[in-house]
Enquirer: 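One structure coming up, written as C-alpha cells, with questions to follow.
All values derive from a computational prediction rather than experimental measurement.
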Amino acid sequence: MKNLSLYGRIALSMLLGAVFMPGMVYAQPSTVCNDDGTVTFNYRNDKAKKVQVDVQFAGRQDMQRDAATGLWTVTLGPAAPDMYPYHFEVDGVSVMDPAADQYFPNEGFKNSLLEIHARQGNLPHDIRQVPHGSIEYIYYPSKSLGAVNQAVVYLPPGYDNQKDRKYPVFYLISGTTDTEEVYYKVGRMNFILDNLLAEGKAREMIIVLPYGNPYHLLPPEALQGRNMQMMGFGNDVFSNDLINDLMPFIEKHYRTINDRDHRAIGGFSRGGNQGLYNGLANLDKFSYLCSYSSFTSTDIPKVYDNAAATNKRLHLFWLGVGTDDFLYGNARDYMEFLDKKGIRSVKEFTHDKFGHTWMNAKYFLDKTLRLLFNPEASEQAMKNGQPAPAVTGKEQQFTPGVMARLFPKPIVSPEYTADAVTFRMKAPEAQQVLFESELSQQPLPMEKDADGVWSVTIKEWADKTFKYCFVVDGTQVADPSNMWLSPDKGFKYSIASYPSDRYNITMMKGVEHGKVIYDYNLMVSVYLPTILRPGSQLPLVRLVPGKNDTWESWFKVGGANAIADKLISEGKAKPCILIVGLDDNAPVAATLRADDYKTWMERRAALAQLLHQVK
C-alpha cells in the first residue's frame, strides 16, 4: 500500500518532535532515589561472592546481601541531582546494571546511567513539555576514511515546516573512546537546546555529532598498508574527514548557512582538542570555538602570533574546565598561553562536578549554547573574560602515566581473520568463562592464558551477525572490548558483525544511504531512503521488535537500514519507508515480526526477502 500521507501524519508529527508524551520516562527499577538525596542500589546475583557498586558521586563501595530478599544493596549519597555513570563490580568483573534502560555508549567501558531528578526546579537537560527537535542518524561517504562514516544530526523544532529557512551549524565532538551518540544519550544536547529555545535563551541551530575516532570502524584488512594517523594536529583522519567529507555532506543535505559567521565547533576532552584545532586551523570556516575540559596545540601557523587578526575573526573563544579535572593543569597552561599571546577568551571553572565528567560537559554546553550565533552576547562575554588563574604548582597534569592508567593496552575482541573470529576477555581471578550466543544451544568453554585473558576461536560463525556475551563464573557480561552493544530490554548483549558482510554499511561503497530517525520519548524509529522526495508515494513497512528488543533493535542489530540501502541500490527492492512502533492497525504494505524468527541472522534474511516482494 503506497501511502506517504500516512507517514506525513504519523512520522512527521510524532517522530520529528511535534508531540511530547508526559510520563514517558526511563525505567530504573534497580535504583531508588530517596527523598533525602541518597540513592539505594539493588542488584540480584545469587552466585556472586562479593559485589560493589562504582558510581561517579561516591566511587566504589561494598554492597551487602539482604538475606530476606536475596538482593545485594547499599544506600549512598546524598548526591546532587544530575546523571551519573555507574556499574557493578561482581567478584572483580565490571558488569552493567541489567535492570537499567539507560547506558553509556562507548568503545570500551560499559556503564549504566543513573538519573537523579531535581526535587525543585529544573535541570538544563531535563525532558520537559516543550517543542522538541529531531535526531537523525546519517551515513556518508568518506574519501578520507575510504569507507562510509556515521554521525548524528539534531534539527531544531519546526525544521521540516519551514522549508525556506536556513540554519547555522554547531559541530560538537565527544571525548576519547566515546561514540558519536554520547553527546546525545549522555550529554543530552538535544534536550538542553530544546529547553533553551523554549525559553528564548538560545538561537535555533543544527547540531552535528561526528564520530571522533573513525578509524575504529574499519576492519584490519582495510587498515593494512595505509598511513592513517588516528589523532594529530593536521592531516589526521578525523580532521580530513570533518573538513573534506562531513561538512560538504551536511551542507548538501541540510538547509545550512555556509559561512564562518554561522559555523561553530567544539567538544569535550579529546573532542575539545579536535574542535579547537580544526577551528583555529580553519578560521575561514569557523568563528565560534568551544572547549570543554580540554586544550589544543600551541603551534598553529598564523594564529597565535597574529593576535589582532585572530581576535578579529573570533566571535567566541570559550574554555571551561573543572579545577579537580586531571586535565586542569594543561588547560590552565593553555589559557595562560593565550593570555600572553594577547588572544581573547572566555574562561569558566567548576569545583563540584567530580573532575573530568559528563556533568561538566553538560554544564559547559548549557553555558555556551546561550552564546552561539549571537554576536552581541558573545562579544559581551569576551569583553568580560578574565585572565587565567595564577599557577600554584599543585595543578594536575596529563602525563604519559595518567594516559596509561586511563587507557591501558586494549584487548582485541572480536578479532576477525579470513575464516575465523576470536573473542577475548580479561578476567584473571575467574574460575570459568563461557561464551554464550544466540547461535548456540549451549555456551562454549573459553581458555585462559598466562595473562588472565580468556579466549575462544570460532570458524562456523565467522561470517555471521549475532548477539553474544561472556558468562564469568555464572554472571553474564557484555564484551568490554566491543563498542557494538545491543539495545535490549534488560541485559544488553554485544553484537558480532562480520566486517565483510555485504550489509556492513561501513564498507558499502557507491551506495546511496538513507537515514534513521529516533524518537526516544515515543519509542518509535523510522528509516527514510535517500530517494525520498517531496510528494513521493512510498510503501510503508512495519517492523515489530521482539519481546526483549527495543525500538532501536531492528536498525542497530538487524541492520534494516543497511539492508534496504543495499537492495534499493542494486535495484532488487523498491524504495520504501521502514517504521518501528506503528500501531498494529495502521495500513502498511507489509509487516515483519521479530519474534517469528529465532535469531537476528534469520530476521535479517527474512527482511531481505520481504523487501524483494514489497510493491
Enquirer: Looking only at the side chains, is there a donor atom on one of Tyr86 and Asp97 sitting less than 3.5 Å from an acceptor on the other?
Expert: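 Note: Tyr86 and Asp97 side chains meet the donor-acceptor criterion.
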Enquirer: Stepwise, does the side chain to side chain donor-acceptor pair (under 3.5 Å) test hold for Asn561 with Tyr527?
Expert: CA-CA 6 Å; Asn561 56 308; Tyr527 159 84; over 6 Å; no
Enquirer: Ion pair present between Glu570 and Arg502, side-chain N to carboxylate O less than 4.0 angstrom?
Expert: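 Yes, Glu570 and Arg502 are salt-bridged.
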Enquirer: Begin from the C-alpha positions of Asp479 and Tyr468 and carry the test side chain to side chain donor-acceptor pair (under 3.5 Å) through to its verdict.
Expert: CA-CA 8 Å; Asp479 188 341; Tyr468 73 94; 2.6 Å; yes
Enquirer: Under a plain distance cut-off of 3.5 Å, with no hydrogens placed, do Tyr137 and Glu181 share a side-chain donor-acceptor pair?
Expert: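 On atom types as modelled, these side chains qualify, holding a pair under 3.5 Å.
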Enquirer: Would you say the side chains of Tyr43 and Asn45 form a donor-acceptor pair under 3.5 Å?
Expert: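 Yes, because at least one side-chain N or O of Tyr43 sits under 3.5 Å from a partner of the opposite role on Asn45.
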Enquirer: For side-chain contact (heavy atoms from CB on, under 4.5 Å), just list the numbers for Gln61 and Gln52, CA-CA rounded to whole Å, side-chain angles, deciding distance to a tenth of an Å, and then say yes or no.
Expert: CA-CA 5 Å; Gln61 302 291 333; Gln52 299 171 302; over 6 Å; no
Enquirer: If you take all heavy atoms of Leu578 and Ala560, which pair is closest and at what distance?
Expert: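 That closest heavy-atom pairing would be CD1-O, 3.7 Å.
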Enquirer: Compare all side-chain heavy atoms of Glu438 with those of Trp600 and state whether any distance is below 4.5 angstrom.
Expert: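 Side chain of Glu438 against side chain of Trp600, heavy atoms only: contact under 4.5 Å found.
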Enquirer: Roughly how far, to the nearest 0.5 Å, is CG of Leu485 from NZ of Lys110?
Expert: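 Output value for this atom pair is 6.0 Å.
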Enquirer: Would you call the rings of Trp358 and Phe268 parallel, tilted or perpendicular, where under 30° means parallel and over 60° means perpendicular?
Expert: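 Judged by the thresholds at 30° and 60°, the geometry between Trp358 and Phe268 is tilted.
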Enquirer: Find out whether Leu172 and Met189 are in side-chain contact, i.e. whether some heavy atom of one side chain is under 4.5 Å from a heavy atom of the other.
Expert: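 Contact flag for Leu172/Met189 side chains = yes.
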Enquirer: Between Tyr493 and Phe491, does the ring centroid distance fall short of 6.0 Å?
Expert: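 Between Phe491 and Tyr493, which both carry aromatic rings, the centre distance is below 6.0 Å.
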Enquirer: Check the side chains of Thr422 and Thr457 for a donor-acceptor pair under 3.5 angstrom, ignoring hydrogens and angles.
Expert: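 Checked: Thr457/Thr422 side chains pair up, N/O donor to acceptor below 3.5 Å.
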Enquirer: Please determine, by modelled atom types, if Ser269 and Ser293 share a side-chain donor-acceptor pair under 3.5 angstrom.
Expert: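 No donor-acceptor contact under 3.5 Å links the two side chains.
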Enquirer: Would you mind checking if Lys467 and Asp488 are paired as a salt bridge, meaning a charged N to carboxylate O distance below 4.0 Å?
Expert: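 Yes, Asp488 and Lys467 are salt-bridged.
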Enquirer: For Phe104 together with Phe109, are the ring centres under 6.0 Å from each other?
Expert: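 Yes, close enough.
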Enquirer: Restricting to non-hydrogen atoms, name the atom on Ile116 and the atom on Ala80 that form the minimum distance, rounded to 0.1 Å.
Expert: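 That closest heavy-atom pairing would be CD1-O, 4.2 Å.
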Enquirer: Looking only at heavy atoms, what is the nearest atom pair of Val557 and Pro487, with distance?
Expert: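 Looking at all heavy atoms of both residues, the shortest contact is CG2-CD, 3.9 Å.
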Enquirer: Indicate whether the side chain of Thr475 and that of Asp91 have a donor and an acceptor atom separated by less than 3.5 Å.
Expert: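 There is no such pair (donor and acceptor under 3.5 Å, judged by atom type) between the side chains of Thr475 and Asp91.
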Enquirer: Given the rule in the ring pair (Phe, Tyr, Trp, His ring centres under 6.0 Å) test, do Tyr184 and Tyr154 qualify, once you have shown the distances and angles that lead to the verdict?
Expert: CA-CA 9 Å; Tyr184 168 35; Tyr154 164 89; 9.2 Å; no
Enquirer: Can you check ring pair (Phe, Tyr, Trp, His ring centres under 6.0 Å) on Phe326 and His356, steps first, answer last?
Expert: CA-CA 7 Å; Phe326 63 78; His356 199 71; 4.5 Å; yes
Enquirer: Do Tyr215 and Phe238 have ring centres separated by under 6.0 Å?
Expert: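 Judged by ring-centre distance (under 6.0 Å), Tyr215 and Phe238 do not meet the cut-off.
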Enquirer: Does the gap between the ring centers of Phe466 and Trp461 come in under 6.0 Å?
Expert: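 Yes, the ring of Phe466 comes within the 6.0 Å limit of the ring of Trp461, centre to centre.
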Enquirer: Provide the closest heavy-atom pair for Leu611 versus Cys576 in the form atom of the first, atom of the second, distance.
Expert: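 Closest heavy-atom pair between Leu611 and Cys576: CD2-SG, 3.7 Å.
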Enquirer: Angle between ring planes, Phe423 versus Phe435, binned at 30° and 60°: parallel, tilted or perpendicular?
Expert: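 Tilted, since the angle between the ring planes falls between 30° and 60°.
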Enquirer: Evaluate Met83 against Arg188 for side-chain contact (heavy atoms from CB on, under 4.5 Å), listing each step before the verdict.
Expert: CA-CA 10 Å; Met83 295 173 65; Arg188 290 267 181 96; 3.8 Å; yes
Enquirer: Do you know which two heavy atoms are closest between Val39 and Cys33, and how far apart they sit?
Expert: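 Heavy atoms of Val39 and Cys33 come nearest at CG2-SG, 4.4 Å.
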Enquirer: Shortest non-hydrogen contact from Leu113 to Lys185?
Expert: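 Heavy-atom minimum between the residues: CD1-O, 4.0 Å.
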Enquirer: Taking atom types as modelled and ignoring hydrogens, do the side chains of Asn106 and Asn111 form a donor-acceptor contact shorter than 3.5 angstrom?
Expert: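 The criterion, which ignores hydrogens and geometry beyond distance, is not satisfied for Asn111 and Asn106.
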Enquirer: Answer with yes or no whether the side chains of Arg542 and Thr591 bring together a donor and an acceptor at under 3.5 Å.
Expert: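 Indeed, the side chains of Thr591 and Arg542 share at least one donor-acceptor pair under 3.5 Å.
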Enquirer: Is the NZ or CZ atom of Lys556 both under 6.0 Å from the centre of the six-membered ring of Tyr518 and within 45° of that ring's axis?
Expert: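 Yes, a cation-pi geometry.
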Enquirer: Taking atom types as modelled and ignoring hydrogens, do the side chains of Asp241 and Ser142 form a donor-acceptor contact shorter than 3.5 angstrom?
Expert: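 Yes, because at least one side-chain N or O of Asp241 sits under 3.5 Å from a partner of the opposite role on Ser142.
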Enquirer: Answer yes when Arg603 and Asp549 have at least one side-chain N-carboxylate O distance shorter than 4.0 Å, and no when they do not.
Expert: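 Judged by the 4.0 Å cut-off on N to carboxylate O distance, Arg603 and Asp549 do form a salt bridge.
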Enquirer: Let's go through His87 and Val95 carefully: what are the C-alpha distance in whole Å and the side-chain angles of both, what is the deciding distance for side-chain contact (heavy atoms from CB on, under 4.5 Å) to 0.1 Å, and is it a yes or a no?
Expert: CA-CA 6 Å; His87 66 267; Val95 179; over 6 Å; no
Enquirer: Can you check side chain to side chain donor-acceptor pair (under 3.5 Å) on Asp245 and Ser144, steps first, answer last?
Expert: CA-CA 7 Å; Asp245 298 308; Ser144 306; 2.7 Å; yes
Enquirer: With rounding to the nearest 0.5 angstrom, report the CE to OH distance, Met508 to Tyr139.
Expert: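 Result: 10.5 Å between the selected atoms.
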Enquirer: So, Lys464 and Asp501, do they make that salt bridge, N to O below 4.0 Å?
Expert: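 No, no charged N to carboxylate O under 4.0 Å.
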